[in-house]
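What you see below is based on every heavy atom in this structure, not just the backbone, and it leaves out hydrogens, waters and symmetry mates.
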Amino acid sequence: MDVVVVDDAEAVGEHVAALVLRSVERDPALVLGVATGGTPLPVYRALARGSADFSAVRVVALDEYVGLPAGHPASFAAYVRHEITEPLALPTGNVVVPQGSGQELERRIRELGGVDLQLLGIGRNGHLAFNEPPSALDSRSRVVALSETTRRDNARAFGRDPVPTHAVTQGLGTILEARHLVLLATGVAKADAVAAALTGPVTPDCPASVVQRHRQVTVVLDRAAASVLQRRRNVDGADRECIHHPQL
Ligand code: F6R
């Protein structure tokens, strides 16, 4: 696992965008797994400022709410369209946003030949995609109930509309099949979850801890999100050399 700590959310965006661009250069038909939410926005905006050709890239989103009217502005389909498909000029046929059942999502991922590079955020409660604690570490894509913490955290996007109670999400076992995982976190509110996921036990109670089971993981954090992790490592004297500070 490679852990990179940079100054702030913008720098996380630049670092991950550079990683995506290198991958697209190597493979113009890359299958890019995308997370939605606030954390990866600086990544997509940095990609959109550049001039790379994404016309052959395939994109698959991690999750989507269940029961929202089509085109609802808080849907992940709308997010992917506004933040990724349109600014990067991706053909719409190259973009998969989960819809319907988990089996359908699994089938679409299989048809793409699997995900090459998977961007991931993390919830304050340690959720990964919408795998809420507790989630089986080998779970497949399925419809899940959202926790109250997640519904509260995501409420701002819904204004006066009710926040959905369910979502369809890639499972933890599904996510582990991506060839390279990139976990991003910014802000002090994520610091405890990041430390638990990366240094705590691998457990259904912290779904993001499953990344410890993957062979190729890059974690990109800003200083605030890394703060508890770094304190813990300093106290433990553990393996500090795997934390890079590229801007120091
Ligand atoms: C979104 C997703 C979620 C978010 C997580 C963090 O597709 O899978 O797991 O990554 O809830 O959200 P933000 O980035 O808004 O803090």
Side-chain angles (χ1 to χ4, degrees), residues 1-6 9 12-13 15-20 23 30-44 46-47 58-64 76 79-80 83-84 96-98 105 109 112 114-133 135-141 144 146-147 150 153-154 167-187 189-200 202-204 206-222 225-226 229:
M1 183 180 302
D2 204 18
V3 182
V4 179
V5 182
V6 294
V12 168
H15 191 90
V16 175
L19 200 159
V20 171
S23 305
L30 187 84
V31 179
L32 177 65
V34 294
T36 58
T39 312
L41 278 178
V43 178
Y44 307 135
L47 290 174
R58 279 85 49 80
V59 159
V60 55
L62 280 170
D63 41 17
E64 174 62 297
F76 291 165
Y79 176 108
V80 169
E83 301 295 343
I84 301 171
V96 175
V97 177
L105 177 56
I109 295 171
L112 291 168
V115 173
D116 295 309
L117 184 66
Q118 177 64 60
L119 308 186
L120 296 163
I122 180 171
R124 284 190 302 131
N125 63 356
H127 75 213
L128 196 66
F130 274 146
N131 295 279
E132 301 279 24
S135 280
L137 300 174
D138 60 356
S139 51
R140 307 304 305 180
S141 303
V144 294
L146 296 174
S147 72
T150 299
D153 284 351
N154 293 6
V168 56
T169 183
Q170 289 188 31
L172 296 177
T174 317
I175 292 169
L176 279 187
E177 286 169 6
R179 291 170 192 99
H180 182 177
L181 303 182
V182 183
L183 178 69
L184 294 65
T186 54
K190 300 291 176 68
D192 283 324
V194 165
L198 303 187
T199 63
V202 177
T203 161
C206 180
S209 65
V210 81
V211 303
Q212 294 182 42
R213 295 231 169 124
H214 197 283
R215 269 193 295 157
Q216 199 184 356
V217 184
T218 305
V219 181
V220 187
L221 307 169
D222 69 359
L229 179 69

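Minimum interatomic distance between Ser209 and Thr203 (heavy atoms only, all atoms of both residues): OG-N, 3.0 Å. Annotation for Pro207 and Pro133: closest pair CG-N, 3.7 Å, computed over non-hydrogen atoms. Nearest heavy atom pair, residue Leu120 against residue Leu62, reads CD2-CD1, 3.8 Å. Residues Thr169 and Leu105 share a closest heavy-atom pair of C-CD2, 4.1 Å. Here the closest non-hydrogen pair linking Leu221 and Ala226 is CD1-CB, 3.8 Å. Of all the heavy atoms in Thr199 and Gln212, the pair that sits closest is N-NE2, 3.9 Å.
Without hydrogens or angle criteria, Thr186 side chain to Thr39 main chain gives no donor-acceptor distance under 3.5 Å. No donor-acceptor distance shorter than 3.5 angstrom exists from the side chain of His214 to the backbone of Ile175, with no hydrogens or angles considered.
Remark: of the listed residues Val220, Leu184, Val5, Val220 is the sole one forming a side chain to side chain contact (heavy atoms under 4.5 Å, CB included) with His15.
With contacts defined as side-chain heavy-atom distances shorter than 4.5 Å, the pair Asp63/Thr36 qualifies. At least one side-chain heavy atom of Leu128 sits less than 4.5 Å from a side-chain heavy atom of Val211. Annotation: side chain of Gln118 is not in contact with side chain of Glu177 (no heavy-atom distance under 4.5 Å). Between Val80 and Tyr44 the shortest side-chain heavy-atom distance does not fall below 4.5 Å. At least one side-chain heavy atom of Leu183 sits under 4.5 Å from a side-chain heavy atom of Leu198.
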- Item | Leu19/Leu117 under side chain to side chain contact (heavy atoms under 4.5 Å, CB included): CA gap, chis, key distance, verdict | CA-CA 10 Å; Leu19 200 159; Leu117 184 66; 3.8 Å; yes
- Assess whether side chain to side chain contact (heavy atoms under 4.5 Å, CB included) is satisfied between Ser23 and Val20, documenting all intermediate values. CA-CA 5 Å; Ser23 305; Val20 171; 5.7 Å; no
- Can you list the steps and then say if Gln170 with Ile109 is a side chain to side chain contact (heavy atoms under 4.5 Å, CB included)? CA-CA 10 Å; Gln170 289 188 31; Ile109 295 171; 3.7 Å; yes
- Just do the side chain to side chain contact (heavy atoms under 4.5 Å, CB included) check on Val34 and Glu83 with the steps written out, would you? CA-CA 11 Å; Val34 294; Glu83 301 295 343; over 6 Å; no
- For His127 and Thr150, run side-chain hydrogen bond (donor to acceptor under 3.5 Å, both in side chains): C-alpha distance rounded to whole Å, both residues' side-chain angles, the deciding distance at 0.1 Å, then the answer. CA-CA 9 Å; His127 75 213; Thr150 299; 3.0 Å; yes
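Taking the six-membered ring where the residue is Trp, Phe130 and Phe76 present parallel rings, their angle staying beneath 30° rather than reaching 60°.
Between the CG atom in Asp138 and the OG1 atom in Thr174 there is a gap of 9.5 Å [rounded to 0.5 Å]. Arg213 contributes atom CZ, which lies 5.0 Å from atom CG of Leu137 (distance to the nearest 0.5 angstrom). For the atom pair Ile84 CD1 and Leu41 CG, the distance stands at 8.5 Å (nearest 0.5 Å).
Partners of Ala189 by side chain to side chain contact (heavy atoms under 4.5 Å, CB included), not counting sequence neighbours, listed by chain and number: Arg124.
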